[in-house]
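What follows is one structure encoded as structure tokens, with my remarks underneath.
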Amino acid sequence: MGIGIGVLATQYLWVGAVEGTTLGAVRMYPDPSESRIDLKTLHAGDMLARIREMTVAVSQGRKVEWVGAGFPGIVRNGVIEESPNLGQLKGLHVTDLLAAELKSEGMDVPVVALNDADAIAAGIAATRGALEKLIRVWYLGDGIGFGRYPLGDGVWEAGHSVVTLDPKERYCGCGGVGHLEGIMGNRAIRLRFLDLEPEEVFLAARNNEDRAVGFVRLWHRALAAATATNVHLDGPGRFYLAGPNTEYVDVGLLGMYLQEMVKMSSLQGSFFEIVPDSHDLALIGAAVCGATG
Ligand SMILES: [Zn+2]
């Protein structure tokens, strides 16, 4: 039996071989031993070529049956319609191009493309035996992703939920005013604090520096607000938190703010859970979704 291939583009490119719901060989670009490259600077064509090379590497001579690939942004019908954090991908017919790239290597396989956070949600559903009917994930990194499984037809760019009416809140990478990512995203934090990195801001908050303490409260309230909006639209339940910036999350504080924002009795009972190793889950989820393509 052959294998599925999961692909993920975030701060790195990841490609993994997946058999059933088990992740085998994985490659990263750039490799952790190499110097870091900002993927924003990598041409889309080069990105597809790296994915092809890594697919060959991880398949280790086994037959590849299908490919599922997760990309940040709005991904529909095989096209990356928007990708504020990897702008070079906007408008890319990624399934056609990746299928052609793989065909040049003799791999004639179906390719499915999906949102990267949706891939995490699918990976949680696949590996945890779908604990709930509905899986929702916030991805906290450079940008703020929102994943939902089962995959729907909608847009679900909940990272761009409006969480404040303050017209000065304009730090979102997409240019929209008042967005969740404009408070929580790494780029937004750097713009707000000029020269400080996100880790320095959270460290300053631990050292009780007023402005940083206020910001960390805002950071949590913003995520609670976007979650509360989601609860009012899609119902209560478990919200998974994934991505590098989950290290800054105070789950208790987040839950408290959410409780302040959701008061209808039938909408009670939501909670947050941090999932580690979300890139592994995303590779599994992407591959599992690829199987349905
Ligand atoms: Zn935005």
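Read the numbers this way: they start at 1 and go in the same order the structure lists the ligands and their atoms. Being a predicted model, the structure only gives us computed values, none of them experimental.
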*asked:* Counting the benzene-type ring for Trp, do F146 and W138 have ring centres under 6.0 Å apart?
replied: yes
_Evaluation steps, salt bridge (Lys or Arg N to Asp or Glu O under 4.0 Å), between R128 and E273_ = CA-CA 13 Å; R128 299 192 173 197; E273 178 181 334; 2.8 Å; yes
*For side chain to side chain contact (heavy atoms under 4.5 Å, CB included), just list the numbers for L140 and W219, CA-CA rounded to whole Å, side-chain angles, deciding distance to a tenth of an Å, and then say yes or no.*
CA-CA 11 Å; L140 312 180; W219 193 85; 4.1 Å; yes
*Taking the six-membered ring of Y248 (Phe, Tyr or Trp), confirm whether the NZ or CZ of R206 is under 6.0 Å from its centre and within 45° of its axis.*
no
_Looking at D210, I'd like to know if its CG atom is crowded, meaning that more than 12 non-hydrogen atoms belonging to other residues, nucleotides or ligands lie closer than 6.0 Å._
no
*Within a radius below 2.8 Å of the Zn ion (ligand 1), how many protein N, O or S atoms are present?*
4
_Can you classify the ring geometry of F215 versus F193 as parallel (below 30°), tilted (30 to 60°) or perpendicular (above 60°)?_
perpendicular
